Amino acid sequence: MKAAVFSARRYDKAMLARANVEAGHELLFLDERLTAASAPLAAGCAAVCVFVNDTVDAEVLALLAAQGTLLVATRSTGYNQIDIAAAERHGIAVVRVAEYSPYSVAEFAVGLLLAVNRKIARASVRTREGNFDLDGLMGFDLHGKTVGVIGTGKIGTIFARIMLGFGCAVVGYDRYPSAAFEEMGGRYVPVEELLACSDVVSLHCPLTEDTRHIVNAAALARAKRGSILINTSRGGLVDTVAATEALKTGQLGGLAIDVYEQEASLFFQDLSSAIIRDDVIQRLVSFPNVIVTGHQAFFTEEAIGQIMQTTIASFTAFERGEALANRVTSG
Ligand code: NAD
């Protein structure tokens, strides 16, 4: 099957090509993000493979359908960038990678927490310049603190287990509570209570209309003063402007984000020689108690290998007319 692979970075090309050795699909790698303007590049491709910041809205899906695309495969777990109902109207099947190393993201969230609490990135910059002063680098013990996990699915559960290992009390909020979370020692509480009692809050729910800006000005006002917020899930879960205001007043004691509401025009590219016009992110990175990474929580050998294998398996299943194990539907 011929597949156009959008937003293809060097590692995407290498790892997807490796996963494709036996299957032998015809892969057309494209550096461009998928948008209405770049959609014609996929002409004649039965499959289109996308990533988190590609635009797969109703307009783009109509263009793809007119060119003969029958399958959209996202190389991610989250699929909030795809208009599923529009895809169904155009007869385009959508698949994702429902499962790949959840450890990749959970472990990175722990890394962000340690880095922001113990000021590890700041300390590293200092010592490179010969500054071994500890002033401004004080953190707090995680042992004995309360960690709130919003979304206790695959990643949230692993993050919670690691935090329990640190000797933290773990509280959770999920629309669909799981027995596994409680059995390991987590305790479900309403989201308002979670915010009020947690020294650290970590977001692990998907971005949906219900969860958009789940951390907004009102939620931040309810949060424990000085608490740390970690977001490795999706940028749209946090109202970034409200978070910036809460950082200014000290209501939010630290913020570490791997995802950002407006990341589509910034992330996955080297803009170090460009003028960045996004004042919100520029203000954020200026805080000493903020860490921003460019959507890299998934980026481990194990995770990428599984993502590419699943994607190739979806192409093969689709071509053979078999059931699609990772299909996403609006129902
Ligand atoms: P999952 O489906 O296993 O878990 C998500 C959990 O969120 C579920 O338990 C679900 O019940 C819960 N949830 C759904 N709606 C909710 C709501 N309104 N309020 C509270 N909880 C709600 O998914 P996962 O594999 O753990 O992934 C979680 C998220 O992590 C993904 O949706 C994706 O956005 C993000 N992610 C980020 C990266 C990265 O590189 N930064 C990589 C993979 C996944």
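What you see is a predicted model, and the numbers here were worked out from it, not measured in a lab. Just the heavy atoms: all of them, side chains too, but no hydrogens, waters or symmetry mates, feed the values below. When a residue number appears, it is its place in the shown sequence, counting from 1.
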K.L.:
Heavy-atom count around Glu301 CD within 6.0 Å, excluding the residue itself: above 12?
P.N.:
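Result for CD/Glu301: open.
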K.L.:
Do Leu137 and Arg118 come within less than 4.5 Å of each other through their side chains, counting heavy atoms only?
P.N.:
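Counting from C-beta outward, Leu137 and Arg118 never come under 4.5 Å.
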K.L.:
If we only count heavy atoms from C-beta on, is the Leu252 to Thr244 side-chain gap below 4.5 Å?
P.N.:
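Leu252 does not reach Thr244 side chain to side chain.
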K.L.:
Please tell me whether Leu41 and Leu34 are part of a single hydrophobic cluster in this structure, the criterion being side-chain heavy atoms less than 4.5 Å apart.
P.N.:
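In one cluster with Leu41: Leu34, yes.
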K.L.:
Answer with yes or no whether the hydrophobic clustering places Val48 together with Val52; edges join I, L, V, M, F, W, Y residues whose side-chain heavy atoms lie under 4.5 Å apart.
P.N.:
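Looking at the clustering, Val52 is in a separate group from Val48.
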K.L.:
Stepwise, does the side chain to side chain contact (heavy atoms under 4.5 Å, CB included) test hold for Val292 with Val290?
P.N.:
CA-CA 7 Å; Val292 178; Val290 170; 3.9 Å; yes
K.L.:
Can you establish whether the number of heavy atoms outside Glu99 located under 6.0 Å from its atom CD is more than 12?
P.N.:
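12 or below, so no.
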K.L.:
Considering non-hydrogen atoms only, spot the tightest contact between Gly185 and Leu164 and give its length.
P.N.:
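It is O-CD2, 4.2 Å.
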K.L.:
I would like to know whether Val170 and Arg161 meet side chain to side chain contact (heavy atoms under 4.5 Å, CB included); could you show each step before the answer?
P.N.:
CA-CA 9 Å; Val170 174; Arg161 192 181 299 137; over 6 Å; no
K.L.:
Distance from Leu16 atom CG to Cys49 atom SG, nearest 0.5 Å?
P.N.:
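Output value for this atom pair is 6.0 Å.
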K.L.:
On a heavy-atom basis, which atom in Phe267 and which in Ile281 lie closest, and how many Å separate them?
P.N.:
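Here Phe267 and Ile281 meet closest at CE1-CD1, 4.3 Å.
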K.L.:
Using 30° and 60° as the class limits, which term best fits the ring planes of His25 and Phe315: parallel, tilted or perpendicular?
P.N.:
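The rings of His25 and Phe315 stand perpendicular, inter-plane angle above 60°.
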K.L.:
Not counting sequence neighbours, which residues clear side chain to side chain donor-acceptor pair (under 3.5 Å) with Asp279? List them please.
P.N.:
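With neighbours one apart ignored, the set is empty.
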K.L.:
Name all residues meeting the side chain to side chain contact (heavy atoms under 4.5 Å, CB included) criterion together with Lys2; count only those two or more places apart in sequence or in a different chain, and write none if there are none.
P.N.:
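Per chain and number, Lys2 pairs via side chain to side chain contact (heavy atoms under 4.5 Å, CB included) with Glu26, Cys45.
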K.L.:
Applying side chain to side chain contact (heavy atoms under 4.5 Å, CB included) to Ser124 and Arg122, what does each step give before you reach the verdict?
P.N.:
CA-CA 5 Å; Ser124 174; Arg122 286 190 78 197; over 6 Å; no
K.L.:
So, Tyr11 versus Phe299, ring centres under 6.0 angstrom or not?
P.N.:
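Ring centroids of Tyr11 and Phe299 are less than 6.0 Å from each other.
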K.L.:
Can you see whether Ser101 engages Glu302 through a side-chain donor-acceptor pair at a distance of less than 3.5 angstrom?
P.N.:
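Per modelled atom types, Ser101 and Glu302 side chains form no pair under 3.5 Å.
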K.L.:
Look at the side chain of Ser178 and the backbone N and O of Phe181, then say whether any donor-acceptor pair between them is shorter than 3.5 Å.
P.N.:
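At least one qualifying donor-acceptor pair exists.
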K.L.:
For residues Gln81 and Thr74, is any side-chain donor paired with an opposing acceptor at under 3.5 Å?
P.N.:
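Distance-only check passes for Gln81 and Thr74.
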K.L.:
Enumerate the residue pairs fulfilling salt bridge (charged side-chain N to carboxylate O under 4.0 Å, His left out) with a member in residues 55-65, sequence neighbours excluded, ordered by first and then second residue.
P.N.:
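Checked against salt bridge (charged side-chain N to carboxylate O under 4.0 Å, His left out) - neighbours excluded - no pair reaches residues 55-65.
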K.L.:
Can you find a heavy atom in the side chain of Leu113 that is under 4.5 Å from one in the side chain of Val200?
P.N.:
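With C-beta onward as the side chain, the pair touches.
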K.L.:
Distance check, rounded to the nearest 0.5 Å: Ile150 atom CD1 versus Leu203 atom CG?
P.N.:
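Spacing of CD1 (Ile150) from CG (Leu203) equals 5.5 Å.
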K.L.:
Can a donor-acceptor pair be found, under 3.5 Å and without considering hydrogens, that links the side chain of Thr249 to the backbone of Ala246?
P.N.:
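Yes: the side chain of Thr249 pairs with the backbone of Ala246.
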K.L.:
Please determine if Arg283 forms a cation-pi arrangement with Phe287, meaning its NZ or CZ atom is less than 6.0 Å from the six-membered ring centre and no more than 45° off the ring axis.
P.N.:
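Relative to the ring axis of Phe287, which defines the angle, Arg283 lies inside both limits.
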K.L.:
Considering only residues two or more places apart or on different chains, which pairs with a residue in residues 182-192 satisfy side chain to side chain donor-acceptor pair (under 3.5 Å)?
P.N.:
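For residues 182-192: Thr152-Tyr188.
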K.L.:
Please assess Val259 against Thr232 for the test side chain to side chain contact (heavy atoms under 4.5 Å, CB included), listing each intermediate value before the final yes or no.
P.N.:
CA-CA 6 Å; Val259 286; Thr232 54; 5.8 Å; no
K.L.:
Any idea which heavy atoms bring Ser265 and Leu271 closest together, and the distance?
P.N.:
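Residues Ser265 and Leu271, closest heavy atoms: O-CD1, 4.1 Å.
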K.L.:
Are Ile257 and Ile276 connected in the hydrophobic side-chain network, where two residues link if heavy atoms are under 4.5 Å apart?
P.N.:
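In one cluster with Ile257: Ile276, yes.
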K.L.:
When you check the side-chain N and O atoms of Arg33 and Asn53, is any donor under 3.5 Å from an acceptor?
P.N.:
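Absent: no donor and acceptor within the cut-off.
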K.L.:
Rounded to the nearest 0.5 Å, what's the gap from OG1 on Thr77 to CD1 on Ile307? Could you check?
P.N.:
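So the gap between those two atoms works out to 6.5 Å.
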K.L.:
I want to check something: taking the side chain as every heavy atom from C-beta on, are Arg126 and Phe132 in contact at a cut-off of under 4.5 Å?
P.N.:
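No, every pair of side-chain atoms sits at 4.5 Å or beyond.
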K.L.:
Is there a donor-acceptor contact under 3.5 Å from the side chain of Gln251 to the main chain of Arg222?
P.N.:
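Side chain of Gln251 to backbone of Arg222: no pair is present.
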K.L.:
Could you tell me whether the side chains of Asp278 and Tyr260 share a donor-acceptor contact shorter than 3.5 Å?
P.N.:
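Tyr260 and Asp278 do have a side-chain donor-acceptor pair below 3.5 Å.
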K.L.:
Do Val149 and Met163 have side-chain heavy atoms sitting under 4.5 Å apart?
P.N.:
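No. Closest side-chain heavy atoms not under 4.5 Å.
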K.L.:
Quick check for you: to the nearest 0.5 Å, what is the distance between Glu32 atom CD and Phe6 atom CZ?
P.N.:
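Atom-to-atom, Glu32:CD and Phe6:CZ are 7.5 Å apart.
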K.L.:
Applying side chain to side chain contact (heavy atoms under 4.5 Å, CB included), can you list everything that pairs with Asp199, at least two apart in sequence or on another chain?
P.N.:
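For Asp199, the residues satisfying side chain to side chain contact (heavy atoms under 4.5 Å, CB included) (neighbours in sequence not counted) are Lys145, Thr146, Lys224.
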K.L.:
Locate the shortest heavy-atom distance separating His90 from Ala65; write the atom from each residue and the value.
P.N.:
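That closest heavy-atom pairing would be CB-CB, 3.7 Å.
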K.L.:
Just by distance, do the side chain of Glu88 and the backbone of Thr329 share a donor-acceptor pair under 3.5 Å?
P.N.:
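No, because the side chain of Glu88 does not come within donor-acceptor range (under 3.5 Å) of the backbone of Thr329.
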K.L.:
In the structure I gave you, are the side-chain heavy atoms of Leu220 and Asn216 within less than 4.5 Å of one another anywhere?
P.N.:
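With C-beta onward as the side chain, the pair stays apart.
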K.L.:
Any chance you could measure Phe159, atom CZ, to Thr157, atom OG1, to the nearest 0.5 Å?
P.N.:
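Answer for the CZ-OG1 pair, Phe159 versus Thr157, is 11.5 Å.
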K.L.:
Do Asn326 and Ser314 meet the criterion of a side-chain donor-acceptor pair at a distance under 3.5 Å?
P.N.:
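No, no side-chain donor-acceptor contact under 3.5 Å.
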K.L.:
Is Ile92 close to Leu71 at the side-chain level, that is, under 4.5 Å between some pair of heavy atoms?
P.N.:
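Not in contact.
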K.L.:
Could you tell me if the side chain of Tyr100 sits less than 4.5 Å from the side chain of Thr310, heavy atoms only?
P.N.:
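No. Closest side-chain heavy atoms not under 4.5 Å.
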K.L.:
Counting only N and O atoms by type, is there a donor-acceptor contact under 3.5 Å from the side chain of Thr211 to the main-chain atoms of Thr208?
P.N.:
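Present.
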K.L.:
State whether a side-chain donor-acceptor pair under 3.5 Å links Asp270 with Ser272.
P.N.:
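Yes, side-chain donor-acceptor contact under 3.5 Å.
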K.L.:
What do the steps show when you test His143 against Phe166 for ring pair (Phe, Tyr, Trp, His ring centres under 6.0 Å), and what is the final call?
P.N.:
CA-CA 6 Å; His143 183 91; Phe166 270 70; 9.6 Å; no
K.L.:
Can you pull the salt bridge (charged side-chain N to carboxylate O under 4.0 Å, His left out) pairs that have at least one residue in residues 3-22, sequence neighbours excluded?
P.N.:
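Residue pairs passing salt bridge (charged side-chain N to carboxylate O under 4.0 Å, His left out), neighbours aside: Asp12-Arg75, Lys13-Asp31.
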K.L.:
Out of curiosity, Glu261 CD to Leu207 CG, how far, rounded to the nearest 0.5 Å?
P.N.:
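Answer rounded to 0.5 Å: 9.0 Å.
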K.L.:
Return the minimal non-hydrogen interatomic distance between Leu324 and Ala93, and the atom names on each side.
P.N.:
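Minimum heavy-atom contact is CD1-CB, 4.1 Å.
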K.L.:
Give a yes or no on whether a salt bridge exists between Arg212 and Glu209, defined as a side-chain N under 4.0 angstrom from a carboxylate O.
P.N.:
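Result for this pair is yes, salt bridge flagged.
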K.L.:
With distance as the sole test, does Asp258 use its side chain to make a donor-acceptor pair with the main-chain N or O of Ala297 at under 3.5 Å?
P.N.:
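A pair under 3.5 Å: yes.
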K.L.:
Do you know which two heavy atoms are closest between Leu61 and Asp83, and how far apart they sit?
P.N.:
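Smallest heavy-atom distance, with atoms named: CD1-O, 3.3 Å.
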K.L.:
Using 30° and 60° as the class boundaries, would you call the ring planes of His295 and Phe51 parallel, tilted or perpendicular?
P.N.:
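Tilted: the ring planes of His295 and Phe51 meet at 30° to 60°.
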K.L.:
Indicate yes or no for a side-chain donor-acceptor contact from Glu319 to the backbone of Met1 under 3.5 Å, with no hydrogens or angles considered.
P.N.:
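Yes.
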K.L.:
Side chain of Thr293, backbone of Gln296: donor and acceptor closer than 3.5 Å?
P.N.:
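No; zero donor-acceptor contacts below 3.5 Å.
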